[in-house]
Every structure is written in C-alpha cells, then in structure tokens.
Amino acid sequence: MRSCVPSLSQAPRALLLFVTALCLASCASLHRGVADGRIESLIARMTVEEKVGQLSLYAPAGEIVGNPQAAHQSAERELADIRAGRITGFFNGQGLEAKRRAQQAAVKESRLGIPLIFAADIIHGFRTVFPVPLGEAASWEPALAERTTRASAEEASSDGFRWTFAPMVDIARDARWGRGVEGAGEDVLLSSRFAAARVRGFQGPDLSRPDAMLATPKHFAGYGAAEGGLDYNTVDLSERTLREVYLPPFKAAIDAGALSIMSAFNEISGIPSNANRALLTGILRGEWGFKGFVVSDYTADEELIAHGFAADGREAAKRAFLAGTDVSMQSGLYMRWLPELVASGEVPMERLDDAVRRVLRVKEKLGLFDAPFRGLEDDPPGTTRYDAAAHQALAREAARRSIVLLKNQGDLLPLSKSGTRIALIGPFAGMSDLFGPWMVFRGQAAPVSIEDALRGALADPSLLSVSRGSNVETALPGGIDAAVAAARAADVVVLSIGESEKMSGEASSRSDIEVPQPQQDLANAIAATGKPVVVLLRNGRALALKQGVRDARAILVTWFLGSQTGPAIADILFGDASPSGRLPVSFPQTPGQVPYYYSHKRTGRPELADHPDLSYRARYIDATNEALYPFGFGLGYAPVRYEALEVGPAQLAWNGTLSVKARIANTGHRDVEETAQLYIGNRAASVTRPVRELKAFRKVNVPAGGATEVEFTLSRRDLEFIGQDLQPTVEPGQFDLWVGPSAVGGLHSTFVLAPG
Ligand code: NOJ
C-alpha cells in the first residue's frame, strides 16, 4: 500500500506524529473500506444459493482422510458444484494439482470468481512431525508451541493450505478420553497459554502473509467433559464450570486473534453445541465480540437428528444456522435446506448475509481474493519454501523438551555411551507408532526410531541388542523368553512400552488406562531378572502404572514425539540434555480414580494427610486420593531445593500487587531447567473453590551447585472466579499460596486480599 503521509519534514515532531497517526488511521480505514466494499458488492450480487455455497465445506471427492465418508461421489460433480458457486472450500485434500484445478474452477469459471479456501487438520506438524500437543504441553513452554505451529504453518501453506482445524483447546480431565492427546491437558492456565501461543504461531503476525494459516480453536465447547471419558458422549456441566474451566482457553485463543472456531459434537446439559445459541451467539459473539465465523464439526449439524434435537435435516439445518453455526462441514445440509428456509422466511436474509460476510471477510484477510493461487505453485524440484533442516532441528528440540522424567532411582540415568550393554526391548523400539494419532499428511521425511538413534549414539553399536518382547495388545509367541534372555545378557534394559497411535485420538477412548496386559507381562518378566530398567512410556494420555512398570528404576514419559523421536530420546538417555518436561496431566494411582485432576474441590469431608481417622472421609476404601505423579511433576538430572519464599505485602490491597519471590538451589552436579509453579487456594468464598489453582509458572535455568531467583507478581485479577450470579467476581479474604515444583507440596505462605 502506498503511504498516505505527506512530506512534513519541517513540521514539529509532535505535529508530525499526530498527522501520521491520523493518516495511518485513515489509510487503514480506506483499506478496510475497499475490502468491505468488495465484500458488500459481492453480497449484493450473490444469489441465495451462492451465499449458501460460501457456507458449505467438504472433503474432496475420493480424498477423504481421517473421517468417515466423502460427500461428493465424483470429481466431475465436485467441479460442477465449484463452478456453480456451491462450495466455499475443501479440507484434508492432498495434492497441489487437484487444488489448483479446483481453484481455477472457482476463480475463473464461476460467475463471481470467489476463491476457495483449503483447510486441513494440522494438529502437530505437516511435513515435519512435532510432538503431539499434549506432549508439547509437557514442555510448559508456550513459546515453543508458537514456534512449532509457525513451522507447521510455513509447511502447510506452501502446500496451499491456509486454514487449520487447530489448536484443540479442550480441557481434558478424564484420561480415558482419547482426544486429550490433542490438547494441553487438565489445567485452565496452562491450556489457555498454549491455546493463545498456538493461534499466534499458526496465524503469524499478519493473516495476509502467504505463510499465515487461519487458526480454529476447537471443539466449542465442553467436548472434553464427555461422561465416562467416552468420545462424543453426553456432557452435563454447570454453567459455572463451563465458564470457569472449559471456556477460558477458547477466550484466550480468540483474544490471540483466531478468526474461526469449530463447534463441538457433544451436547451440554441437553443442548447440542452445534445448535447452542447461548454458546455460539450469546457468549461467543455477544460477550466476547468474536468477529470470525463458526464452522461445524464434521456432519455435526446432521447429527442433531441422532441427538434427538431435530426431527429431520431441515430442522437440523435451521437450528444449527440460527444458533450461530455459520459453515456446515461435510453434511451438505445447508445447501439442501437453507435456500428453502430463507424463501419461507424461517431464516432471515440478514442472518444469511451475516454468515457470508464473516466468511468472505476472513478470505479477504487471508489475501485469497488478491492472490488465490498463492501457495498452489509447484516448488522447483528439490527445493522447499521453508527451511526443512531447521524444522527437523526444531522437532528434535521440541521432542526433547516434551519428555518427562518421573523417576530416576540411584541416578540410573543418564546412561553411558560406552562400555554399557543395553537391551532395548519392547514393541516401540523400531519404526512403529512414532508420529501419534493425528497426522493426516504423515510427514515426508522418515522419522528416526529409538533403535537407530541409540545405535548412532553409542561408541560401540554392537553393545545394543534389540528384541520386541510383545506386540502392543497381543502376546508375541516366544517374545518374553527372548527378551528376558536379552535382558540377562545386558547391563541395563531400556523398555519401550505403552500405547499405539490408534489407542488415543478421535474415537479412541479406553475403558482402562493401564499399559496393555501383554506388555505388562513383559515388563513384569523383565523386572524379575533384577536388571536395572529404564521404562520409556509411549502414550497419548496419563497412564496408571503398576508392578514392573511402576517399579522400574527410571521412568520417562515420551508421548508421541514425531520425526525426531529417536534422537530426542537418545539426547535424554545419554545426558546430552537434562530432562525438563513437567506433567500437564496427573498420573493417578489406579484407573478407578479417573476423572482425576489436581484442581478439585475439597468436599465437606476431605481426606486429610494429618487426620488420624480416615473413616467417613471422601476417599476410596482401597486407594488414597493422591496422584502417583501429580500435575506439574518432573525431574531433571540434578536435585533442586526451593527456599526463601517471600510474599509481600501480607495484605494485598484491592488495586495493589503481591510480590512473590523464591530461590531455587541446584544441589547436584549438572545444570537443570526447573519449572517453578505458583498455586493459590482460596480459603472461603461465596462459591466453593478448588484446593489449588495454578496462577503462574516460570521456567528457569539453575546451574549445577548454584541458585536462581524466581519472582512472580499477582493482582486481584488472579483471584477471580465465577460468582453466584455467574459473573466473574473477586472477594476479599484469606488465601494460601504455594511455590514449588508441582501441584503437590512446595513452599507455603498465606496472604489476605483487603476489601476494595
Ligand atoms: C472430526 C474432528 O472432531 C475434528 O477435530 C476434525 O477437525 C474434523 N473431523 C475434520 O477432520
């Protein structure tokens, strides 16, 4: 855009700045005006069918990936629909040539030439595969997620995708639910920080840049609260919990600039989200001022019939659309029914125009009108528009920083690269299940397995033996005997066990969250050899560990780490890096404790550690309420000690700030990165409060033998909760405060919030 600022070299600086600001403002509004002008003139010329076309999104014919069925039976039919202006875009389709042909039909062969938008589920990478989102959340580094999502956007946009169905920002507190792997875990603050960072990463500084991708926080809302952890299941949730726990990550994503949002499959307290007006219009547009558009989840509008919320497709389309779902994914229901509903007056034209305007404005912001073929060109052979090597390095860094060390008895880790005979045992030692459950595009560079990476790292690769021992869910005949023999011949066993890719993700809830029995049998048999064992868990959720797994001398949680799985694990195993991940989900003692999360309420009869009589208390008769490994927990290769907590002033003034300082001492011989966590607990309020809530965290380096200060500042806003009137409120009173390495323990203090 040419500058509107005239030459005012002689003018005083203040005047110059004033005039510049004025001119920039009018340039911006001029540009907005031009854009809006184009959109309004289009809307004025569009037929109702063309308008509905802008609200109809499909998986391309024959290319459906990761979802049940394609809507278009043939490419010819699809092209005809594009030319007729009946399609706004496609998702999860592969191939530049097919995308180009479709865009050509839209831009050059349709009456109004409105460009298509190409979307994809870019959940944890495109060509380069990064750790699954839950794993990456274990880094407790939103800035890292911003970098990996930026890299993913660079890769996917250079393949013509400008819209991603990510980030998933659903809070997941029931480990049975398979989709917890796609989010950032159980905590409101951590999830909100990751939600915002991932939106910033995908969208970049400016949506019109060629490598920007429109982000879609999903699934709005409460999807993770499915009863029994069963995917798609009913959610019955108080509005208070919805507002306090499940909505904040969405709000954070929208505040970070997300301009689309996906409505969820589930109902909440009787109203399916996809047709929930209070949610999609009241909260989202009314309270939050959302300017983008709502896209349904896959056929979620049609599923209103199965929910028993609509008698037929006509009613389903009407209810979903009037509630605020602007774009229909895959069912074709809007195209089938909205024209008739508009003609009959049941759906006002203003509502239709509003939805179309929202979609077209976003297409405009993405620069699609001006450069519809951007990203759809072939790269010259052997080249990429992004730095593939840098992305692989980032994948290794992200993978390394996602690993959580739960246990390291007798400093078994790190292992020596020379002179130690290592038996690598388990079904995940080789190439299987490296990526994780949500990789539509399955990366292009081959991932590096643990076996290859260990062999590459060892001074003498012949010191490594590899045996499978067991399949993932079934026994391997003779496998345990061979593995036990390998263990006996080694100095240390590295046992790679856990879940396959298909055991978490969509429609992959488990009724049990233990390591599958055949692998548990393998672990027990290896434990019986008495050899030191390092367990490498591969998992898409918190697991309940027992026997030979729980009792191993060292345990590393390695999730699904992606392209650089092997090298990242080798970096940690051999101590080239100290583990720095912290759990974003609590690991319970037993599966029967789920849903399990640290930020629970107290009850009138809490289980108190110092209470001598445990009868008539809120506890199971056969298990304590403690986590096996709490939220926030993780070790490094040196012990740290929290000390010298200072909280002041003792009385936080209504408009004041509270300063919280502590020192972290590293009493070991290796540098570590520690994640200092600040929790508060509200002693008494007009609505009961959780035992603890994370309010701040900071990742710091603590040098061997040294100490590092951490400092936090709290204000009244950090003490907010949803009051009896369902509005955010703060009440004066006494608070507990802890600073420590996890949601359990830590240095304790109290403070008082003074009345305003
Ligand atoms: C269904 C999933 O729930 C959603 O997350 C995904 O984006 C769509 N399918 C499209 O693949």
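Whatever order the structure lists them in is the order used to number ligands and atoms, beginning at 1. As the structure is a prediction and not an experimental result, all values here were calculated from the model.
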With heavy atoms of [X] as the reference, note each atom of ligand 1 found under 4.0 Å away.
X      : answer
Asn92  : 11 (O)
His219 : 3 (O), 4 (C), 5 (O)
Phe165 : 7 (O), 10 (C)

Would you say Ser110's side chain and Val107's backbone share a donor-acceptor pair under 3.5 angstrom? no

Looking at Glu146 and Arg200, would you say the former's side chain and the latter's main chain have a donor-acceptor pair under 3.5 Å? no

For ligand 1, which part of Met262 has a heavy atom less than 4.0 Å away: the side chain, the backbone, both, or neither? side chain

Residue part near ligand 1, for Arg179, under 4.0 Å between non-hydrogen atoms: side chain

Quick check: does [X] get an N/O under 3.5 Å from an N/O on ligand 1?
X      : value
Trp438 : no
Lys218 : yes
Asp297 : yes

In terms of side-chain geometry, is the basic nitrogen of Arg83 or Glu78 positioned less than 4.0 Å from the acidic oxygen of its partner? no

With a 4.0 Å cut-off, would you call Glu97 and Arg100 a salt bridge? yes

Taking atom types as modelled, is there a side-chain donor on [X] or [Y] under 3.5 Å from an acceptor on the other?
X      : Y      : answer
Ser263 : Asn274 : yes
His124 : Glu136 : no
Tyr223 : Arg179 : yes

Mind checking whether Met168 has a heavy atom under 4.0 Å from ligand 1? no

Work out whether the distance between some heavy atom of Gln330 and some atom of ligand 1 is less than 4.0 Å. no

